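We number each residue from 1, following the sequence as shown. Keep in mind that this is a model prediction, so the values were computed, not measured.
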Amino acid sequence: MPPLIATTIPDCRAAIHTAKSAGQRVGLVPTMGALHAGHLSLIERARAETGFVVVSIFVNPTQFGPKEDLSRYPRPFERDVELCSQAGVDLILNPTPETMYGYDFKTYVEIHDLQNVLCGASRSGHFRGVATVVLKLFNIVQPDIAFFGQKDAQQALLLSRMVRDLNVPVEMAICPIVREPDGLAMSSRNVYLNASERTSAPVLFRVLSALRYAVVAGERDVAALIGQTTALIAATPHMRIDYIAVVDCDTLTPLTLVHGNVLVALAVFVGATRLIDNIMLVV
Ligand code: PAF
């Protein structure tokens, strides 16, 4: 059966009320559309763990900076509906910006400290927009479980923190990164890469893997690890580093020595396209 499509909040709530009345657990996969295998893995997990799967497709304006790609962000809605249909999604929530934000919106969620580092340092206001829209989606859908990808590691951490701090009654499921055969992390923004940039892009996962091997071989000095990683990226065509960070997984505090639960995260412009990737280390 093709999924129901709700563009209004009352329609969405009515469909979810029916599912919950029938005793089904509701899973939510929040997306901005342009679905790829990474999203499909979240939907598959939602299917396995809940009885009624909701995918929200909403390109959220409040998480884009004024010079970012809001207007050209891919919106292949019919293809997304087809993919959701094949994946067994029950309901697509596809609201307009006006439905989500009205004309006089004033309330935002801030996650202090965590929101202004790593991606937040160069994308001012980004995580405030993400947290706000996700809390709204949680309030509209009231899912039992929400599914997010580990590729956006900082987003996953912030949202988990928001859920904890604000007592939001939802279970967070953070799912592994899905990669192309050459290691490039799946992203809706990969479609922006031209052929030559696409050839260079897998270096991001190669440098993260090389860093992991260096740590396994005994290197603990973060400055040395970042130096090697920077050199490898700089030697690849089209690359401009935004950041490479080795931080504590929970606090995002920069480390000088690799120890404990560690997140190695990077953001790199490949041509004009900013891509992110990360690995976790337990040392
Ligand atoms: O990860 C994304 O696609 C977005 O940040 C999200 C969580 C759907 C909020 O707009």
Side-chain angles (χ1 to χ4, degrees), residues 27-43 45-46 54-65 68-70 73 93 100 108-139 141 143 145-166 168 170-179 185-190 204 208 242-253 261-268 273-280:
L28 171 64
V29 180
T31 82
M32 297 205 299
L35 303 181
H36 51 66
H39 297 113
L40 297 179
S41 75
L42 303 181
I43 294 171
R45 175 130 172 229
V54 184
V55 171
S56 60
I57 297 180
F58 178 62
V59 182
N60 173 35
T62 65
Q63 69 189 73
F64 287 79
E68 294 185 354
D69 55 343
L70 173 62
Y73 196 85
L93 170 60
M100 287 300 273
Y108 291 89
V109 180
E110 305 263 355
I111 301 157
H112 290 277
D113 302 331
L114 299 177
Q115 69 180 359
N116 293 325
V117 297
L118 306 184
C119 287
S122 55
R123 302 190 70 189
S124 173
H126 170 69
F127 287 114
R128 172 177 119 130
V130 170
T132 302
V133 81
V134 170
L135 186 60
K136 284 172 70 65
L137 291 169
F138 285 173
N139 285 333
V141 175
I145 315 181
F147 299 83
F148 294 90
Q150 173 62 25
K151 182 176 78 76
D152 297 290
Q154 186 175 9
Q155 168 173 286
L157 178 74
L158 267 92
L159 294 175
S160 301
R161 188 62 192 241
M162 173 186 81
V163 162
R164 194 184 95 184
D165 287 354
L166 299 182
V168 184
V170 63
E171 185 185 321
M172 296 286 285
I174 311 301
C175 308
I177 298 176
V178 178
R179 297 182 180 281
M186 298 274 182
S187 165
S188 302
R189 290 190 166 97
N190 290 350
L204 303 185
L208 289 171
D242 180 359
Y243 71 80
I244 303 169
V246 179
V247 298
D248 179 88
C249 265
D250 297 319
T251 62
L252 303 183
T253 313
N261 292 327
V262 177
L263 171 69
V264 184
L266 53 74
V268 174
T273 305
R274 186 176 176 282
L275 299 181
I276 58 172
D277 202 346
N278 68 82
I279 54 170
M280 305 277 233

Undergrad: With rounding to the nearest 0.5 Å, note down the distance linking OG in Ser187 to CG in Leu275.
TA: 6.0 Å
Undergrad: Quick one: CD1 on Ile276 to CG on Leu266, what's the gap to the nearest 0.5 Å?
TA: 9.0 Å
Undergrad: Rounded to the nearest 0.5 Å, what separates atom CZ in Arg128 from atom CG in Leu158?
TA: 14.0 Å
Undergrad: What is the distance from atom CG of Leu159 to atom CZ of Phe127, rounded to the nearest 0.5 Å?
TA: 8.5 Å
Undergrad: Can you give me the closest heavy-atom contact between Ser188 and Tyr73, atom names plus distance?
TA: CB-OH, 3.2 Å
Undergrad: Would you indicate whether the side-chain heavy atoms of Phe64 and Met32 approach each other to under 4.5 Å?
TA: yes
Undergrad: Is there side-chain contact between Ile177 and Asn278, with heavy atoms separated by less than 4.5 Å?
TA: yes
Undergrad: About how many Å separate CG of Leu93 and CD1 of Ile57, when rounded to the nearest 0.5 Å?
TA: 9.0 Å
Undergrad: Got Arg189 and Asp69 here, is their nearest side-chain heavy-atom distance under 4.5 Å?
TA: yes
Undergrad: Any donor-acceptor pair under 3.5 Å linking the side chain of Thr132 with the backbone of Gly129?
TA: no
Undergrad: Answer yes or no: does atom CG of Asp113 have more than 12 heavy-atom neighbours from other residues, nucleotides or ligands under 6.0 Å?
TA: no
Undergrad: Closest approach of Arg274 and Ala267, non-hydrogen atoms and distance?
TA: NH2-CB, 3.5 Å
Undergrad: Within the 4.5 Å heavy-atom criterion, are Ser56 and Val141 side-chain neighbours or not?
TA: no
Undergrad: For the residue pair Leu42 and Cys175, what are the closest heavy atoms and their distance?
TA: CD2-CB, 3.4 Å
Undergrad: Mark yes or no for whether Lys151, through its side chain, and Ala185, through its backbone, hold a donor-acceptor pair below 3.5 Å.
TA: no
Undergrad: Quick test of your reading of the model: are Asp277 and Arg179 salt-bridged, counting only N-O distances below 4.0 Å?
TA: yes
Undergrad: So which atom in Ala173 and which in Arg45 form the shortest heavy-atom distance, rounded to 0.1 Å?
TA: CB-NH2, 3.9 Å
Undergrad: Closer than 3.5 angstrom, by distance alone: can the side chain of Gln154 be matched with the main-chain N or O of Leu252 as a donor-acceptor pair?
TA: no
Undergrad: Compare all side-chain heavy atoms of Val134 with those of Phe148 and state whether any distance is below 4.5 angstrom.
TA: yes
Undergrad: If you look at every heavy atom in Gly149 and Ala156, which pair is closest and at what distance?
TA: O-CB, 4.4 Å
Undergrad: So, for Gln150 and Leu263, which heavy atoms are closest and what is the spacing to 0.1 Å?
TA: NE2-CD1, 4.4 Å
Undergrad: With rounding to the nearest 0.5 angstrom, report the CD to CZ distance, Gln63 to Arg123.
TA: 7.0 Å
